[in-house]
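Encoded as structure tokens, the structure appears first; notes follow it.
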Amino acid sequence: MQRTLSIIKPDAVKKNLIGKIVARFEEEGLRIAAMRKVHLSKREAEGFYAVHAERPFFGELTDFMSSGPAVVMVLEGDNAILRNREIMGATNPAEAAEGTLRKLYADSIGENAVHGSDAPETAAVEIDYFFRATELN
């Protein structure tokens with residue numbers, strides 16, 4: 001059993017897509033181990049995306065992630081990280097496979113509806129950023 005962090009980003013929350021996205025994860029056999037709606041401050045967004053601090057898109061990314069509410073959740077299942085990434089699709093929605101969340105719901109590379117951890121080590125750090133162990137069930 002593997003866990004991964006998933007975020008429904010502010011653009012998808014604004015479009016009222018929370019239910020559709022959560023339903024998709026569940027239909028694909030992933031279980032929601034924890035979930036909460038948050039509105040990140042700029043500082044919290046910068047902390048979460050600190051790995052990208054030197055990248056040219058960092059300011060735009062953190063502005064966007066702090067622009068409105070998001071839903072953070074822990075998905076659980078066999079190969080949860082890979083399965084979540086397959087369900088999300090490519091970062092650029094124009095390159096995402098048909099039927100993936102980003103192909104269906106994202107507007108651009110910057111506003112791409114969802115986030116998912118890319119490796120077990122990243123997932124552990126990202127989950128700890130938002131959830132205490134006692135919140136995971």
Next item on the list: Sorted by first residue and then second, give each ring-ring contact (aromatic ring centres under 6.0 Å, His included) pair with at least one member in residues 17-48; sequence neighbours left out.
Entry: Phe48-His115, Phe48-Tyr129, Phe48-Phe130

Notebook entry, point to check: Taking atom CG of Asn84 and atom CG of Asn79, what is their separation to the nearest 0.5 Å?
Noted result: 12.0 Å

Next item on the list: Ignoring hydrogens and angles, tell me if any N or O in the side chain of Ser66 forms a donor-acceptor pair with the backbone of Thr62 under 3.5 Å.
Entry: yes

Item checked: N/O donor-acceptor pair under 3.5 Å between Ser117 side chain and Leu5 backbone -> yes

Item checked: Ala113 versus Ala12, closest heavy-atom pair with distance -> O-CB, 3.7 Å

Note to self: Tell me which pairs pass side-chain hydrogen bond (donor to acceptor under 3.5 Å, both in side chains) where either residue lies in residues 89-110, with sequence neighbours left out.
What the structure shows: Lys15-Asp107

Note to self: Can you tell me how far apart CG (Leu82) and CG (Asp118) are? Round to the nearest 0.5 Å.
What the structure shows: 11.5 Å

Note to self: Distance check, rounded to the nearest 0.5 Å: Arg31 atom CZ versus Asp78 atom CG?
What the structure shows: 12.5 Å

Next item on the list: Dump the intermediate steps for side chain to side chain contact (heavy atoms under 4.5 Å, CB included) on Val114 and Lys9, then the final yes or no.
Entry: CA-CA 5 Å; Val114 288; Lys9 293 183 178 181; 5.6 Å; no

Notebook entry, point to check: Do Leu101 and Met73 sit in the same hydrophobic cluster, where Ile, Leu, Val, Met, Phe, Trp and Tyr count as joined when their side-chain heavy atoms come under 4.5 Å apart?
Noted result: yes

Next item on the list: Check whether Leu61 and Val72 end up in the same hydrophobic cluster, where Ile, Leu, Val, Met, Phe, Trp and Tyr are linked by side-chain heavy atoms less than 4.5 Å apart.
Entry: yes

Check: Quick one: which of Val38, Ile18, Leu17, Ile7 gives a side chain to side chain contact (heavy atoms under 4.5 Å, CB included) with Val71?
Finding: Ile18

Margin query: Show the nearest heavy-atom pair for residues Glu111 and Phe64, with the distance to one decimal.
Written below: CG-CE1, 3.6 Å

Checklist line | Distance in Å, Ile87 CD1 paired with Glu27 CD, rounded so as to fall on 0.5 Å steps | finding: 9.5 Å

Notebook entry, point to check: Taking all atoms of both residues into account, what is the closest heavy-atom pair of Ala70 and Pro10, and its distance?
Noted result: CB-CD, 4.2 Å

Next item on the list: State, yes or no, whether a side-chain contact exists between Ile32 and Glu26 at a heavy-atom distance under 4.5 Å.
Entry: yes

Notebook entry, point to check: Quick one: side-chain hydrogen bond (donor to acceptor under 3.5 Å, both in side chains) partners of Glu86, sequence neighbours excluded?
Noted result: none

Check: Can you pull the salt bridge (Lys or Arg N to Asp or Glu O under 4.0 Å) pairs that have at least one residue in residues 55-70, sequence neighbours excluded?
Finding: Lys42-Asp63

Next item on the list: Step by step, work out the side chain to side chain contact (heavy atoms under 4.5 Å, CB included) result for Asn112 and Met88.
Entry: CA-CA 9 Å; Asn112 61 7; Met88 289 190 310; over 6 Å; no

Margin query: For a 4.5 angstrom cut-off between non-hydrogen side-chain atoms, does Lys37 reach Val13?
Written below: yes

Check: Hey, what do you get for OG (Ser6) to CG (Leu30), rounding to the nearest 0.5 Å?
Finding: 9.0 Å

Margin query: Suppose we screen for salt bridge (Lys or Arg N to Asp or Glu O under 4.0 Å). Which residues come up paired with Arg24, at least two apart in sequence or across chains?
Written below: Glu28

Next item on the list: Specify the closest pair of heavy atoms between Met65 and Leu40, including all atoms of both residues, with the distance to one decimal.
Entry: O-CB, 3.9 Å

Note to self: List the residues meeting side-chain hydrogen bond (donor to acceptor under 3.5 Å, both in side chains) with Arg3, not counting sequence neighbours, and say none if there are none.
What the structure shows: Glu76

Item checked: Non-hydrogen atoms of Pro93 and Ile109 that approach each other most closely -> CD-N, 3.8 Å

Notebook entry, point to check: Between Leu104 and Gly99, what is the shortest heavy-atom contact and its length?
Noted result: CD1-O, 3.5 Å

